[in-house]
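Read the structure below first, then the notes.
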Amino acid sequence: MIELGLARISRLLQQTPQPWRAIHVAGTNGKGSICAYLSAMLHASGVRCGRYNSPHLIDRWDCIAIDEQPVQESIFRKAEETIMKKNQAEEIGASEFELLTATAFEVFAREKVEMGVIEVGLGGRLDATNVVRNKAVTVISKIGFDHQSFLGNTIEEIAREKAGIMQPGVPCVVDKSNSPAVQKVIEDYANEIGTDVILSSTESSFLDELSREDFETHQWENLACAYTAFHLAYTKLESPLHRLAPAIQGLSWPGRLQTLDIRSVTGRGELVLLDGAHNVQSAEVLGSSVNSRLRKSASKVTWVLAASQGKDMVEILKPLLQQGDCVAAIEFGPVDGMPWIQAMPTTEILAAASACGIDPAYMHDASSNLSDALRWGATVAQGGPLVIAGSLYLVSDVLRLLRNAQNSKNPILEM
């Protein structure tokens with residue numbers, strides 16, 4: 001169950017120092033990538049940096065990074081124990097996400113980070129991360145429709161919740177590709193509380209050093225947001241510009257247009273595409289990428305899809321599926337530390353695919369058997385494009401399955 005509010009997390013963190021300065025990032029799409037770009041830039045500039053993302057990828061502690069490396073499990077466990085004891089002793093009744101957020105801030109304090117890059121979990125105004133005390137910059141990425149039951153049913157209501165991370169006197173960088181309606185809500189709130197809004201800019205000597213062709217349009221916009229925020233937050237005298245481009249060029253962000261080798265679980269030699277697109281806006285981005293990169297040389301695309309309950313699956317699939325495509329539906333497994341997250345039944349996913357014109361003969365119900373879904377997809381794809389998408393929780397399951405297969409002495413294909 002999701003319970004938004006700051007009272008419990010504030011009590012959890014009463015004794016946890018927050019001397020570090022923060023860059024706080026909200027938005028519907030692009031938050032994780034912006035955080036990744038920001039922490040890479042800070043690290044390349046010699047700033048000791050912590051990063052907190054949600055959800056985690058494979059292990060619960062990998063959502064916390066120190067200087068671009070996932071925090072050691074032992075450090076995480078000790079910090080978590082401190083937070084858990086406080087929660088129990090004071091009968092705070094904190095949620096799983098609040099406990100994880102407090103643990104991240106405790107890790108930052110123990111690891112003596114100079115700056116923390118913090119991704120909002122849900123919304124902004126009442127999200128647990130909004131207890132961060134010393135904000136240098138806030139960032140609002142592209143805003144679209146998602147989590148309407150918590151954030152509101154209009155784009156303006158959603159934008160107002162996201163804008164709740166803003167603070168008086170703390171500049172806010174806003175993705176300039178946001179609609180005029182979204183920008184007006186944010187600018188009105190900025191005027192109300194007394195701060196400045198800075199639209200992201202792709203005009204900079206830093207971006208001139210990078211090849212535009214190496215980035216999808218949304219990645220370029222995310223990078224522009226990150227660099228604009230970095231420029232505002234970085235206060236050291238030495239210019240780090242010569243270090244930034246190599247840091248960005250060497251960055252990979254799992255589950256975002258990620259190419260992946262699944263040979264160890266399917267025998268397929270060709271790479272597949274893995275993407276966490278889980279709402280209409282991110283599905284449009286993924287669909288555009290697939291159409292431009294994969295469909296030009298292929299008559300069909302094979303999809304392995306999962307989703308969280310409550311998603312408008314037909315609207316998400318419209319930008320992705322075309323007649324002749326093949327679809328395997330899968331239910332992702334339980335999410336560690338997030339018991340309220342439930343997978344959409346495969347029957348609903350396949351019904352949505354059917355509504356989008358996919359022939360039932362080209363569908364497969366894999367239930368909760370991910371290996372089966374991937375093997376079926378690899379078989380029917382016949383070496384053609386294979387895309388795994390629909391949920392970051394599916395991304396986690398895929399990456400975990402591959403890690404386990406690589407670590408096993410008896411690969412799945414030999415079992």
Side-chain angles (χ1 to χ4, degrees), residues 1-4 26-33 53-58 60 62-63 95-98 100 119-124 127-128 141-153 158 161-162 254-256 258 274-287 303-321 327-356 365-370 373-374 387-401:
M1 181 179 176
I2 298 176
E3 296 180 75
L4 298 177
T28 308
N29 293 302
K31 299 191 300 291
S33 297
N53 294 101
S54 63
H56 62 272
L57 268 176
I58 302 177
R60 209 153 42 90
D62 67 25
C63 62
S95 69
E96 295 276 359
F97 183 69
E98 289 164 345
L100 186 58
E119 178 184 357
V120 166
L122 177 64
D127 185 73
S141 69
K142 193 69 177 284
I143 291 179
F145 287 99
D146 205 358
H147 304 295
Q148 288 96 311
S149 59
F150 294 97
L151 305 179
N153 292 313
I158 293 170
E161 286 298 315
K162 309 283 188 185
R256 276 75 169 184
Q258 178 184 6
L274 178 68
D275 194 90
H278 58 280
N279 54 46
V280 174
Q281 197 176 72
S282 56
E284 289 171 348
V285 169
L286 174 59
W303 301 84
V304 175
L305 300 170
S308 299
Q309 279 188 7
K311 298 288 184 179
D312 188 342
M313 206 57 189
V314 172
E315 291 302 311
I316 289 173
L317 294 184
K318 279 180 181 177
L320 302 179
L321 304 183
V327 174
I330 176 76
E331 295 175 15
F332 56 75
V335 182
D336 187 15
M338 297 183 180
W340 62 88
I341 300 291
Q342 298 294 317
M344 179 179 288
T346 49
T347 51
E348 291 184 30
I349 297 171
L350 294 178
S354 179
C356 292
D365 188 336
S367 186
S368 58
N369 189 333
L370 180 55
L374 295 177
V387 183
I388 306 165
S391 170
L392 288 170
Y393 307 114
L394 175 60
V395 168
S396 297
D397 282 357
V398 170
L399 295 177
R400 188 178 299 107
L401 177 69

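Excluded from the calculations below are hydrogen atoms, water molecules and symmetry mates; all remaining heavy atoms, backbone and side chain alike, are included.
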Given 3.5 Å as the limit, does a donor-acceptor pair link the side chain of Lys31 with the main chain of Gly27, or not?
yes
Please identify which of these residues, Leu392, Leu274, Val285, meets the side chain to side chain contact (heavy atoms under 4.5 Å, CB included) condition with Arg256.
Leu392
Where the side chain of Thr28 meets the backbone of Gly144, is there a donor-acceptor pair that is under 3.5 Å apart?
yes
Between CD1 on residue Ile349 and CH2 on residue Trp303, distance to nearest 0.5 Å
13.5 Å
Main-chain N/O of Asn369 paired with Ser367 side-chain donor or acceptor, under 3.5 Å
no
Smallest heavy-atom separation, Cys63 atom then Leu100 atom, equals SG-CD2, 3.9 Å
Give, for atom OG of Ser354 and atom CG of Leu317, the distance between the pair rounded to the nearest 0.5 Å.
11.0 Å
Please tell me if the side chains of Val304 and Val387 come closer than 4.5 Å, counting only heavy atoms from C-beta onward.
no
Would you check if the side chain of Asp62 reaches a backbone N or O of Leu57 as a donor-acceptor pair within less than 3.5 Å?
yes
Taking every non-hydrogen atom, the tightest pair across Gly333 and Asp397:
N-OD2, 2.8 Å
Looking only at heavy atoms, what is the nearest atom pair of Ala343 and Phe332, with distance?
CA-CZ, 3.5 Å
When you compare the side chain of Glu348 with that of Met313, does any pair of heavy atoms fall below 4.5 Å?
no
Return yes if some donor-acceptor pair links the side-chain N/O of Ser282 with the main-chain N/O of His278 below 3.5 Å, else return no.
yes
Could you walk me through whether Leu305 and Ile388 pass the side chain to side chain contact (heavy atoms under 4.5 Å, CB included) test, one step at a time?
CA-CA 6 Å; Leu305 300 170; Ile388 306 165; over 6 Å; no
Got a donor-acceptor contact below 3.5 angstrom from the Ser396 side chain to the His56 backbone?
yes
Minimal non-hydrogen separation, Gly32 against Asn53, with atom names:
CA-ND2, 4.0 Å
Taking Val398's backbone N and O only, do any of them form a donor-acceptor pair with Arg400's side chain (distance below 3.5 Å, no angle check)?
no
Has the side chain of Gln281 got a donor or acceptor atom that lies under 3.5 Å from a matching backbone atom of Ile143?
yes
What's the spacing between Glu331 CD and Thr347 OG1 if we round to 0.5 Å?
7.5 Å
Please round to the nearest 0.5 Å and tell me the distance separating atom CG of Asp336 and atom CD of Glu96.
8.0 Å
Indicate yes or no: at least one non-hydrogen side-chain atom of Val395 is less than 4.5 angstrom from one of Pro254.
no
Enter the distance from Lys162:NZ to Leu122:CG here, rounded to the nearest 0.5 Å.
6.5 Å
Any Val280 side-chain heavy atom under 4.5 Å of Asp312 side chain:
no
Hey, does Asp275 have a side-chain heavy atom less than 4.5 Å from the side chain of Gln258?
no
Which heavy atom of Ala389 sits nearest to which heavy atom of Leu286, and what is that distance?
CB-CD2, 3.7 Å
Mark yes or no for whether Asp127, through its side chain, and Gly121, through its backbone, hold a donor-acceptor pair below 3.5 Å.
yes
Report yes or no: does Ser391 contribute a side-chain atom to a donor-acceptor pair with the main-chain N or O of Ala306 at less than 3.5 Å?
no
Between Leu401 and Leu374, which heavy-atom pair has the shortest distance, and what is it?
CD2-CD1, 3.8 Å
Here the gap from Phe97 atom CZ to Ser54 atom OG, rounded to the nearest 0.5 Å, amounts to 4.5 Å
